[in-house]
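Before I ask anything, let me first share the structure, which is written out below as structure tokens.
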Amino acid sequence: MGNFTSKPSSPPETMKSDFLKVDGTKITLRGEEVILRGTAIGGWMNMENFITGYTGHEHQVRAALKDVLGEEKYEYFFDKFLEYFFGEEDAKFFASLGLNCIRVPINYHHFEDDMNPRVFKKEGLKHLDRVIDVCAKYGIYTIIDLHSAPGGQNFDWHSDNPTHKAAFYDHKDFQDRTIIIWEHLARHYKHNTWVAGYNPLNEPTDEKHTRLIDFYERVEMAIRKIDENHILFLDTFAADFSHFGKPLPNSVYTCHDYSNYGFPSAPELYTGTKEQIQLHKDAYERKTEYMRKHKGPVWVGEFGPVYQNAHDGFPDWEKINDSRFDVLNLQLDIYDKARASWSIWVYKDVGFQGMVYAGEDTPYVKLIWEFLQKQKHLAANKWGADDSQVKDLFKPVVEWLATNAPTIKSRYPASGGVNDSWNVAGHLSRLVRNILLSEEMVKEYAELFRGKSKEELDELAKSFSFGNCTQRTRLNEILKKDSKRGEKGLSEKV
């Protein structure tokens, strides 16, 4: 039996065999293959706008809410939000589906302040410890994922980066601070065998393709000096491993495998044609070429469709969702045949993509409902946006850019594969809608909370508790069915 506590007071009696490890093409426990199947607690210790319905970036919405609520009520609200968002009932439900691993995205702001760098905030471990331990209680592994690193390891909202540049690679100081954070986390969790491993950076976007590799070598050495047992799960952006050499030891190289057919921007409705199926198979083969070449395991760290509802203006929204579930089934079948581990995105939200979600009748969703419809109408946030109502407005500017600066068509990152969102229109919308418009709308969102009492804030936060959430039943049935496909190894640990 593994160690169930994240408290580092005295080293528990653990053996190397209690940890998951990489053995050739497999992740194993005591020589038996373990396929990790699960989800991510996105929108929790790393908030994302589309998940909880705000606009802009996490640090912006937090600052705006602090201005509106004041320090005391601000701290109270977010502590209750973190408490309710994932608890024992969530872990119990997750385990009932037969799933065995949860990826936990975290934001560096929980552990370090930009105005007080290199000083590790131990209070940031409060909720992380709690969730790791309650997952362990139900036989669920966790993977700690640094989704937001100092300076921004990528140029998008999900790294809490308010710009369109990844400064992480241009300033060694940001990298040094990230190393320090990982040293603290490794020291704290080194004995916890229910932590499957560490995901040092989420979707890092290094245009030069070499600085990321150098950082991975640094962080691997830093972690291994403290913790020699946990697996490292190593990302790159757009599954581009073309500049990577020999894999680092006890490491799983990961890909994210979103299909454009699972989003409003799909080129056509997915109907399961031979061409559509082959396109997805080819995408997986391309994204995992490096792993297969070096005979290592595969972990699909993110994938999954978004879903429409009756309020989105699609008369055939249920048929659209059916097609997206078909895409999901196809991808799960591809992963099963490849014996790949996976983590679907995402566990909980406000009804857009989650396995469970805060429904329309909850205090929080009622409060933000009109704002939520407005930001959807304007396509203020990038993820899964339906831009049909603003597309014509931007089309002349897209054409103007492409004509006068034709190199923008190959601007990093460029489109390709099943997900073709990185085109001229995508770059323009990021700067104008997803940054400029979106961050201005943060103030409007925050004003909805003005004058709220602690009791009202508690009820708002409690909207995300498992008992107040709605299950996306068909999605969960699909995941439960997939979990039955020959899982081995976990029963021995439990």
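Numbering starts at 1 and runs along the sequence shown.
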- Task: Could you tell me whether the side chain of Q331 and the main chain of D257 form a donor-acceptor pair under 3.5 Å?
- Result: yes
Point to revise | E444/K374 salt bridge by N-O under 4.0 Å criterion | key: yes
Yes or no on side-chain hydrogen bond (donor to acceptor under 3.5 Å, both in side chains) for Q153 and E203, after CA distance, side-chain angles and deciding distance? CA-CA 8 Å; Q153 79 280 4; E203 294 189 356; over 6 Å; no
The reported gap from CG in L332 to CG in L479 (rounded to nearest 0.5 angstrom) is 6.5 Å
**Prompt:** Would you call the rings of F263 and W383 parallel, tilted or perpendicular if under 30° counts as parallel and over 60° as perpendicular?
**Reply:** perpendicular
Q.
Walk me through whether E112 and R177 qualify under salt bridge (Lys or Arg N to Asp or Glu O under 4.0 Å).
A. CA-CA 9 Å; E112 183 202 71; R177 287 162 57 187; 2.7 Å; yes
task: Keeping the roles fixed (side chain from S343, backbone from T39), state whether a donor-acceptor pair exists under 3.5 Å.
output: yes
Taking the six-membered ring of W422, is the NZ or CZ of K382 close enough (under 6.0 Å from the centre) and on axis enough (within 45°)?
-> yes
Has Y108 got a side-chain atom pairing as donor or acceptor with G151's backbone, closer than 3.5 angstrom? no
Check your understanding: Are any of the side-chain nitrogens in D386 or K376 under 4.0 Å away from the carboxylate oxygens of its partner?
Key -> no
Hey, does the side chain of N250 reach the backbone of L232 with a donor-acceptor pair shorter than 3.5 angstrom? no
**Asked** With ring centroids as reference points, do H311 and W369 lie under 6.0 angstrom apart?
**Response** yes
Heavy-atom closest pair (F174 atom, P150 atom, distance to 0.1 Å) is CB-O, 3.4 Å
OH of Y445 to OG1 of T55, rounded to nearest 0.5 Å, is 9.0 Å
- Do Y54 and F50 have their ring centres less than 6.0 Å from each other? no
query: Would a line drawn from the ring center of Y138 to the ring center of F94 be shorter than 6.0 Å?
result: no
| query | Looking at R211 and D170, does any basic side-chain N land under 4.0 Å from a carboxylate oxygen? | reply | yes
Sorted by chain and number, sequence neighbours left out, side-chain contact (heavy atoms from CB on, under 4.5 Å) with A166 holds for Y169, T205
> Is the distance between the ring centroids of F303 and Y258 under 6.0 Å?
Replying inline: no
Could you go step by step and tell me if D214 and K172 meet the salt bridge (Lys or Arg N to Asp or Glu O under 4.0 Å) rule? CA-CA 11 Å; D214 293 340; K172 184 175 179 292; over 6 Å; no
Next item on the list: Before accepting this row, confirm whether a basic side-chain N of the pair E83/K80 lies closer than 4.0 Å to the acidic partner's carboxylate O.
Entry: yes
Distance col, row S483:OG vs L97:CG, nearest 0.5 angstrom, shows 7.0 Å
Only one of E439, E447, E440 passes salt bridge (Lys or Arg N to Asp or Glu O under 4.0 Å) with K443, and that residue is E440
- Heavy-atom donor-acceptor pair, K73 side chain to K452 backbone, under 3.5 Å: yes
Look at the side chain of N476 and the backbone N and O of K480, then say whether any donor-acceptor pair between them is shorter than 3.5 Å. no
Got a donor-acceptor contact below 3.5 angstrom from the H280 side chain to the Q276 backbone?
yes
For H230, the side chain to side chain donor-acceptor pair (under 3.5 Å) test, sequence neighbours excluded, returns Y198, D227
Result for side chain to side chain donor-acceptor pair (under 3.5 Å) between D160 and one of H147, R62, H59, Q60 points to H59
Inset, instruction - For the pair D282 and R286, find out whether any cationic side-chain nitrogen is under 4.0 Å from an anionic carboxylate oxygen. - result: no
All heavy atoms of L69 vs all of F449, minimum pair found to be CD2-O, 3.5 Å
- request: Assert yes or no for the condition that the ring centre distance of Y253 to F233 is strictly below 6.0 Å.
  value: no
ask   = Would K395 and D387 pass as an ion pair if we require N to O under 4.0 Å?
value = no
message = Between D235 and T254 (side chain of the first, backbone of the second, donor and acceptor by atom type, cut-off under 3.5 Å), is there such a pair?
response = no
- Is the closest side-chain donor-acceptor distance between S465 and N468 under 3.5 Å? yes
For Y84 and D90 the tightest heavy-atom approach is O-OD2, 4.3 Å
W157 and N381: side-chain contact (heavy atoms from CB on, under 4.5 Å), yes or no, with the steps?
CA-CA 9 Å; W157 80 97; N381 296 336; over 6 Å; no
In this structure, CG of D156 is separated from CG of N161 (nearest 0.5 Å) by 8.0 Å
dist S323:OG -> L269:CG (nearest 0.5 Å) comes out at 4.0 Å
What about F466 and F86, are their ring centers closer than 6.0 Å?
no
Q. F237 and H256: aromatic ring centres closer than 6.0 Å?
A. no
query: Okay, side chain of D206, backbone of L212: is any donor-acceptor separation there less than 3.5 Å?
result: yes
Those residues at least two apart in sequence (or on a different chain) that pass ring pair (Phe, Tyr, Trp, His ring centres under 6.0 Å) with F394 are none
message = Please determine whether a side-chain nitrogen of the Lys or Arg among R218 and D176 lies less than 4.0 Å from a carboxylate oxygen of the Asp or Glu.
response = yes
Quick one: is the NZ or CZ of R430 closer than 6.0 Å to the six-membered ring centre of F155, and within 45° of its axis?
yes
Check whether the ring centres of F85 and F464 lie less than 6.0 Å apart, and answer yes or no.
yes
Residues I132 and I144: closest non-hydrogen pair is CD1-CD1, 4.0 Å
Q | Whether S438 side chain and G56 backbone form a donor-acceptor pair below 3.5 Å | A | yes
The reported gap from NZ in K348 to CD1 in I41 (rounded to nearest 0.5 angstrom) is 9.0 Å
Exercise for review: For side-chain contact (heavy atoms from CB on, under 4.5 Å), just list the numbers for T178 and F168, CA-CA rounded to whole Å, side-chain angles, deciding distance to a tenth of an Å, and then say yes or no.
Suggested key: CA-CA 9 Å; T178 302; F168 177 87; 3.3 Å; yes
